[in-house]
There are 2 protein chains.
Amino acid sequence: MNNTTLKKISGLLGLSISTVSRALKNHPDISEKTKQRVTELADSLDYEPNANAIQLRTSKSNLFGLVVPSISNFFYHSFISAVEEESRKNGYALMILQSGDDPAIEILNLKLCRKSRISGLFACISNQTFNFDAYLKMKDLDIPVIFFDKVPELNNCNKICVADEASAAMAANTIILKNKKKVLAIFGNTNLSITKKRLSAFTKTMDGKIDLLVHHANSTTEAEAITLECLQQKPDTIFCMSDEILAGAMKAIQRAGLKIPDDIAVIAISNGFIPKLYFPEITYVETSGDELGRLAFSSMMACLDGSTFTQELTTVSVLVEGGSI
Amino acid sequence: MNNTTLKKISGLLGLSISTVSRALKNHPDISEKTKQRVTELADSLDYEPNANAIQLRTSKSNLFGLVVPSISNFFYHSFISAVEEESRKNGYALMILQSGDDPAIEILNLKLCRKSRISGLFACISNQTFNFDAYLKMKDLDIPVIFFDKVPELNNCNKICVADEASAAMAANTIILKNKKKVLAIFGNTNLSITKKRLSAFTKTMDGKIDLLVHHANSTTEAEAITLECLQQKPDTIFCMSDEILAGAMKAIQRAGLKIPDDIAVIAISNGFIPKLYFPEITYVETSGDELGRLAFSSMMACLDGSTFTQELTTVSVLVEGGSI
DNA sequence: TCGTTTACTGCAACCGTTTGCGGAATTGTT
DNA sequence: AACAATTCCGCAAACGGTTGCAGTAAACGA
């Protein structure tokens with residue numbers, strides 16, 4: 001273990017630690033000559049300031065935390081990638097933790113974040129989270145929290161969401177426009193606000209114009225089973241609220257040997273990866289994780305700049321036509 | 001900002017900082033009574049030891065770094081998930097950084113790791129990395145490095161790899177066993193060692209027993225085009241070296257309206273996610289990122305326990321039967 | 001020649017924790 | 001009652017930086 005520290009440099013150069021520190025930060029008090037000597041030696045010794053010492057002294061860390069149910073999820077990839085990229089560009093590191101939709105682990109993860117003295121947190125709550133104390137504690141510690149995607153129903157916090165209502169309405173309108181008659185609509189876990197929003201906007205837009213079968217699925221497998229069963233009622237269209245559900249529905253459709261879009265039409269709200277796996281590609285309303293990520297990051301930076309103003313942002317949604325409806 | 005520290009607790013209890021510190025760690029010098037008083041107060045105050053201070057004092061961090069070209073890749077998901085899970089269970093946090101296959105960013109990421117004083121590094125090098133100085137520097141600092149998947153051709157370092165040859169051979173044997181006659185085999189970019197290994201093992205196992213069409217695709221779209229074209233030569237089986245390729249091949253098969261496995265059989269080497277998206281599910285040789293991750297983690301722990309013994313491990317591969325062949 | 005300014009640099013405290021060592025209070029031994 | 005052995009606890013230094021303040025030497029003006 002061969003770390004170069006300020007002390008080492010100062011010893012080698014016959015300067016004090018403080019002078020070396022200041023020289024490295026280009027402080028006006030230090031003469032050009034000294035600065036040059038210091039930086040040269042520091043470079044040749046591969047000096048890396050100890051982030052822990054800095055955080056300890058200044059109580060400013062360059063670490064963000066990100067907690068999410070699972071990084072192996074279609075949608076979160078792109079979100080995380082975007083946040084990670086922005087963080088790096090701005091000199092921050094990102095600590096990524098996953099809860100596996102287990103609230104107990106989620107709490108543990110938040111604890112780890114606090115221990116590591118992160119300076120900001122991106123959080124997507126798990127399906128089962130009803131107690132937000134751990135998040136509120138973050139606020140007590142002045143750690144800004146940006147909720148994304150699955151957000152709690154709390155006031156006074158920063159939320160970045162996809163345009164749930166608009167997306168669902170857009171999908172519904174597309175179905176109406178295509179003159180469909182009988183729709184099977186599969187939504188996710190009823191506890192989630194995302195589900196509630198999409199469901200209400202969807203049904204409201206439909207407004208009884210079309211025969212509507214609404215179901216809820218908590219997983220891909222459930223979605224497959226539901227689809228398979230409902231297929232007997234011969235819907236002409238299936239709407240899927242998410243990628244997980246779409247994957248299940250598609251499997252059922254393939255199993256039943258139905259042809260898209262002739263036998264049945266499909267439309268989904270999605271990130272875009274899964275829909276492009278099939279032929280014909282599935283028509284979907286895009287919810288871009290990438291855009292959401294950048295939005296979340298800039299929101300974080302605003303918080304760190306001292307903005308106490310909490311905001312709820314949504315991204316705009318776009319219809320991407322495949323050939324499935 | 002309302003952090004509870006040892007000092008605060010000691011002040012409240014009229015004890016010294018050191019006593020509190022020892023009480024919290026169950027040190028034998030401290031009486032049970034005192035221990036109890038201290039832990040109770042600490043609990044009620046939500047005391048979280050400052051990880052930075054600990055690292056500074058003990059020079060032991062609870063942080064691992066993980067650098068990878070992209071987390072948005074089928075295979076790395078499960079690997080990262082596994083490492084992350086194991087890390088958490090063992091009290092470590094994981095800092096995940098992606099390079100986007102850019103060596104310059106890769107170097108920056110490694111620098112960030114050093115600054116953060118990680119105690120170990122998991123690394124998958126980018127396609128373009130030919131200079132390993134930054135990695136060697138890690139070794140100078142006594143930071144163990146576990147290379148995974150794409151590993152450098154260096155001696156004396158820990159490498160964890162997928163069993164490329166064995167997987168390809170297993171797929172080939174399965175095809176032979178099923179008595180297939182004409183196989184379209186699609187591989188990836190010829191520059192990658194992974195492609196070379198899989199290709200040579202596959203063809204060697206086939207050993208002229210079966211009519212073989214070999215093609216290379218650099219992307220999902222290319223794979224689709226190739227498949228579509230080759231379908232005219234009526235192969236009875238398609239082998240896909242990777243998930244990207246499988247996705248393309250499947251799209252072509254759907255476009256052509258072929259039925260699996262009657263019209264055509266499909267087998268792939270995969271992580272398991274994509275194959276399960278279709279019905280029937282695609283039979284594949286599993287290259288488990290999950291297992292690889294756990295292997296990498298235990299290898300890391302061995303290093304931290306002082307093992308200077310470097311090893312090159314490969315995972316065993318398993319055939320997962322869908323219904324596609 | 002003698003204050004006074006200016007340009008550099010160093011001292012020392014501090015962030016929160018760990019830990020070797022020494023000291024006080026308590027108990028046990030003759 | 002005197003002394004040794006235990007228990008229990010606190011002092012202080014250290015980890016690697018940052019930063020307010022003070023000190024020194026050179027340069028300057030009068």
Side-chain angles (χ1 to χ4, degrees), chain A residues 1-39 41-42 45-63 91 111-112 114-119 141-142, chain B residues 1-39 41-42 45-63 91 114-119 141-142:
Chain A
M1 186 69 91
N2 196 9
N3 268 324
T4 70
T5 66
L6 290 185
K7 184 194 273 188
K8 190 168 168 186
I9 296 179
S10 69
L12 253 31
L13 250 34
L15 292 171
S16 77
I17 294 179
S18 31
T19 301
V20 175
S21 169
R22 279 189 258 255
L24 254 15
K25 331 190 69 176
N26 208 16
H27 190 104
D29 268 7
I30 307 299
S31 68
E32 283 307 323
K33 221 187 320 172
T34 307
K35 279 182 194 168
Q36 194 172 339
R37 287 177 62 209
V38 171
T39 47
L41 184 60
L45 255 44
D46 272 319
Y47 170 70
E48 306 274 2
N50 185 321
N52 294 286
I54 294 175
Q55 134 71 18
L56 189 56
R57 176 60 227 249
T58 62
S59 65
K60 281 182 201 270
S61 80
N62 61 329
L63 224 205
K111 197 164 187 167
L112 188 56
R114 292 200 306 276
K115 272 179 73 163
S116 304
R117 299 296 189 267
I118 57 167
S119 46
L141 296 172
D142 282 341
Chain B
M1 183 72 88
N2 195 12
N3 268 324
T4 70
T5 65
L6 291 186
K7 185 193 272 187
K8 191 167 168 189
I9 296 179
S10 70
L12 252 31
L13 250 34
L15 291 171
S16 76
I17 294 179
S18 30
T19 301
V20 175
S21 170
R22 279 188 258 255
L24 254 16
K25 330 193 68 178
N26 208 19
H27 190 104
D29 267 10
I30 307 298
S31 69
E32 283 307 321
K33 222 187 323 173
T34 308
K35 278 181 193 169
Q36 195 174 339
R37 286 176 63 208
V38 171
T39 47
L41 184 60
L45 255 44
D46 274 319
Y47 169 71
E48 306 274 3
N50 185 321
N52 294 286
I54 294 176
Q55 135 70 19
L56 189 57
R57 174 62 227 248
T58 63
S59 66
K60 280 177 202 271
S61 80
N62 62 328
L63 224 205
R114 291 200 306 275
K115 271 179 71 163
S116 305
R117 299 296 188 267
I118 58 168
S119 46
L141 296 172
D142 282 340

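Proteins come first, then strands; the chains are lettered A, B, ... in the order of their sequence lines, and each starts at number 1.
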| said: Is there, by distance only and without an angle test, a donor paired with an acceptor across the side chain of B:Arg22 and the base of D:dG10 below 3.5 Å? | reply: yes
| Just checking A:Thr58: base, sugar-phosphate only, or nothing, at a heavy-atom cut-off of under 4.0 Å? | sugar-phosphate
| message | By nearest atom, which of the nucleotides C:dG10, C:dT17, D:dT18 is closest to the A:Arg57 side chain? | response | D:dT18
| For D:dC8, does OP1 or OP2 lie under 4.0 Å from any side-chain N or O of B:Lys35? | no
| said: Please classify the nucleic acid contact of A:Ile17 as base, sugar-phosphate, or nothing, using heavy-atom distances under 4.0 Å. | reply: base
| query | A:Lys8 versus A:Thr5: any side-chain heavy-atom pair under 4.5 Å? | reply | yes
| request: Round to the nearest Å and state the distance from A:Glu48 atom CD to D:dG17 atom P. | output: 10 Å
| message | Side chain of B:Ser16 only, heavy atoms from C-beta on: which candidate in C:dG10, D:dC11, D:dT18 is closest? | response | D:dC11
| request: Measure the shortest side-chain to side-chain distance between A:Leu12 and A:Leu45 over non-hydrogen atoms and say whether it is less than 4.5 angstrom. | output: yes
| request: Quickly work out the A:Glu32 CD to C:dC8 C1' distance and round it to whole Å. | output: 12 Å
| said: D:dC9, OP1 or OP2 - any side-chain N/O from B:Thr34 closer than 4.0 Å? | reply: yes
| query | How would you label the contact of A:Ser18 with the nucleic acid (heavy atoms, under 4.0 Å): base, sugar-phosphate, or nothing? | reply | base
| Once you round it to whole Å, what is the distance between P of D:dT18 and CD1 of A:Ile30? | 13 Å
| For the pair made of CG in A:Leu6 and C1' in C:dT9, what is the distance, rounded to whole Å? | 15 Å
| query | Would you say B:Lys115 has more than 12 foreign heavy atoms packed within less than 6.0 Å of its NZ? | reply | no
| field | Sugar-phosphate, base or nothing in reach of A:Asn50, heavy atoms under 4.0 Å | value | sugar-phosphate
| Below 4.5 Å, heavy atoms only, C-beta onward: do A:Gln55 and B:Asn50 meet side chain to side chain? | yes
| query | Counting side-chain heavy atoms from CB outward, which of D:dT18, D:dG10, C:dT17 is closest to B:Leu15? | reply | D:dG10
| Value in whole Å for how far the C1' atom of D:dG17 lies from CD of A:Gln55 | 12 Å
| said: Measure NE2/B:His27 against P/D:dT7 and give the value in whole Å, please. | reply: 13 Å
| said: Assuming nearest nucleotide by heavy-atom distance, tell me which of A:Pro49 and B:Pro28 is located more 5' along DNA chain D. | reply: B:Pro28
| said: Whether the side chain of B:Asp29 and the base of D:dC8 hold a donor-acceptor pair under 3.5 Å is what I'd like checked. | reply: no
| message | Can a donor-acceptor pair be found, under 3.5 Å and without considering hydrogens, that links the side chain of B:Ser61 to the backbone of B:Arg117? | response | yes
| field | Whole-Å distance separating the CG atom of A:Asn52 from the P atom of C:dC14 | value | 22 Å
| said: Could you tell me how far apart B:Lys8 (NZ) and C:dG16 (P) are, to the nearest whole angstrom? | reply: 11 Å
| message | Can you tell me if A:Lys25 touches the phosphate of D:dT18, counting only side-chain N or O atoms and a distance under 4.0 Å to OP1 or OP2? | response | yes
| Can you check whether A:Tyr47 reaches A:Leu6 side chain to side chain, under 4.5 Å on heavy atoms? | yes
| message | Here's a test of your reading of the structure: between A:Ala53 and B:Ser31, which maps to the more 5' nucleotide of DNA chain D? | response | B:Ser31
